[in-house]
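Since the structure is predicted, the reported quantities are computational estimates derived from the model, not experimental observations. All ligand and atom numbering here is 1-based and tracks the order in the structure.
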Amino acid sequence: MSKDWQKGTRAVHAGTRRSQYGEVSEAIFMTQGFVYDTAEQAETRFEACGDDEFIYARYGNPTVKMFEDRIAALEGTEDAFATASGMAAVNGALMSLLKAGDHVVSSRALFGSCLYIAEEILPRFGVEVTFVDGSDLAQWEAAIRPDTSAVFFESLSNPALELVDIEAVCALAHAKGAVAVCDNVFATPVYSNAVAQGADIVIYSTTKHIDGQGRALGGVILGTREMIRNTVEPYMKHTGGSMSPFTAWIMLKGLETMRLRVREQSATALRLARALEGHENLSRVIYPGLPSHPQHDLALRQMGDGGTMLAIEVAGGKEAAYRFLNACKVAIISNNLGDAKTILTPPAFTTHQRLPQDQKDALGITPGLVRISVGLEDAGDLEEDFMQALSH
Ligand SMILES: *Cc1c(COP(=O)(O)O)cnc(C)c1O
C-alpha cells in the first residue's frame, strides 16, 4: 500500500493478499490450520511467526489478516486485531490492558453490554471504575488520578447522541499516563480521526456500519503494533475471541462500500432531522448535525459530519412512541444500527431496559425516546413514512 493513498483507495485495496491464482476478490481461507513443509519449519514458526505465516486460526488467518490490515490502513493505526464481536473487542481491549488494583475512568453513557463490563465485570477482578458524565470535561479532570491506568468512552453515545471531546479527554488521560480507549462505533471509521485526536486504542463493532447489511457479528481493536501484538494478541488468541475467516471476508467486502453507504445514510439523517425538527408531536429531535444540538460545533470539528444516527422524543411518552413505531411501514423495529435498513429502537424498553429509572433519567433515556439508525432507503420515502406515522 502506498502511504499517499487516500481513505477511499485504502478501503478498496489495502491489505489485499493474492494467492497463486491472482483472484480479484479476496479469497476466503476457510481453514483452522496450516501445513508445515518440515518439522523444523513447524518449530521455527512457533518460535517467531512471520508477517505472512500462520499457525492456527485463533491466532490469525490470511483472510482475517487482510481485514485487519485494511481497517488499520483506514483508521491510520499500525495494527489491528479482529474479534468475534464488538463486545469481544471491548472486553479484550480492557481485560488485556488492566489488572487487579488498576483504576479506570469511564463515561456513564455506554452501550448496555459495555456498561455491564465496566460496572459488573471489571470490579469483580479488582479494577476500580469511576463513572463520569462524558460530555463534562471538568468531571473527567477531577476523576483521572495519577494512578489511573485507562479511560474508556464511546465518542458518540448511545442512544442520546452526546459527544465526548476525544482530543481533550485524551490529553487529560495522557497527562496522568493513562491509556485512552475509544469505542468509536457511532462515529464510524468514515468520520473517525480518533488516533490523530489522541486515542491509543480504537474499537469498532464491525457488526454495525462495516458489515452494514445485518449479516454477521464482528469487532476490531486498533492501536500501535506494540499494543496490538504484545498486549491484545496474547489475551485474544488464548481466550478464543478471534474473528472467523468467513466473517472477515464479509467485513472486507463491507469496507469497500462503507464510505458510500455511510455518506448516503448521513445525508438522509440530516434531511430527516431537519424535516422532523419542530414537528408538533415531537418534544425533541437530537442530531449532532443540527445547529440545535448542544455540541454541534464539537461534532463538526471531531467528525466533520452529524453521522447516521438520530433520536426523537415523541410527545406523550411510551404510548405515543409505540403508536409511532407500530405505524411505520418502511422503517423496521429492531436493535442493530448502521444497517442498510432503517431501524427504530425504543431504548428505554429494549437495549436499556435493565437500567434503573434514575440512570435512565441521567442518560436522557425517556419513555418517548426512539433511536433511529438511518438506512439506505429513498430519503423521500422515509420522510413520508415518519410523517404519516407521527400523525397517528
Ligand atoms: C453494538 C455495539 C457494541 C457491541 O458490538 P457487538 O458486535 O454487538 O458485540 C459495542 N459498542 C457500541 C457503541 C455498540 O453500538
To check your reading of the model: name the closest protein heavy atom to [atom], its residue, and the distance in Å.
atom                    : result
atom 10 (C) of ligand 1 : D183 OD2, 3.5 Å
atom 7 (O) of ligand 1  : T207 OG1, 2.6 Å
atom 9 (O) of ligand 1  : M87 N, 2.8 Å

Provide the number and element of each atom of ligand 1 under 4.0 Å from a heavy atom of [X].
X    : result
G218 : 7 (O)
C114 : 10 (C), 11 (N)
E154 : 13 (C)
S85  : 7 (O), 9 (O)

Consider every N or O of [X] and every N or O of ligand 1, then say whether any pair is closer than 3.5 Å.
X    : value
V90  : no
K208 : yes
N158 : no
G86  : yes

Run the side-chain contact (heavy atoms from CB on, under 4.5 Å) check on I312 and I286 step by step: do they pass?
-> CA-CA 6 Å; I312 58 175; I286 310 169; over 6 Å; no
Could you tell me which non-hydrogen atom of A82 sits nearest to which non-hydrogen atom of V64, and how far apart they are?
->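 Distance-wise, the nearest heavy atoms are CB-CG1, 3.8 Å.
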Out of F186, Y204, F111, whose heavy atom sits nearest atom 3 (C) of ligand 1?
->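 Nearest heavy atom to atom 3 (C) of ligand 1 lies in F111.
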Cationic tip of K208 within the cone over F111's six-membered ring, i.e. under 6.0 Å and within 45° of the normal?
->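 Positive - K208 is close enough to the ring of F111 and near enough to its axis.
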Using the ring of F54 (Phe, Tyr or Trp, six-membered ring only), decide whether K65 places NZ or CZ under 6.0 Å from its centre and within 45 degrees of its axis.
->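 That pair does not qualify as a cation-pi contact.
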Relative to ligand 1, is A88 under 4.0 angstrom through side chain, backbone, both or neither, heavy atoms considered?
->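 It is neither part, as no heavy atom is under 4.0 Å.
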Drop me the distance from L344's CG to I372's CD1, to the nearest 0.5 angstrom.
->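 Here the interatomic distance stands at 6.0 Å.
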So do Q295 and S135 actually touch side chain to side chain, heavy atoms under 4.5 Å?
->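 The answer is yes, as the side chains (C-beta and beyond) meet within the 4.5 Å cut-off.
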Measure the acute angle between the ring planes of F324 and F386, then classify it against the limits of 30° and 60° as parallel, tilted or perpendicular.
->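 Correct class here is tilted.
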H352 pairs by side chain to side chain contact (heavy atoms under 4.5 Å, CB included) with which of T345, L115, I365?
->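 With H352 as partner, T345, L115, I365 yield a single side chain to side chain contact (heavy atoms under 4.5 Å, CB included), made by I365.
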So, F34 versus Y56, ring centres under 6.0 angstrom or not?
->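 Not close enough - the centres of the two rings lie 6.0 Å or further apart.
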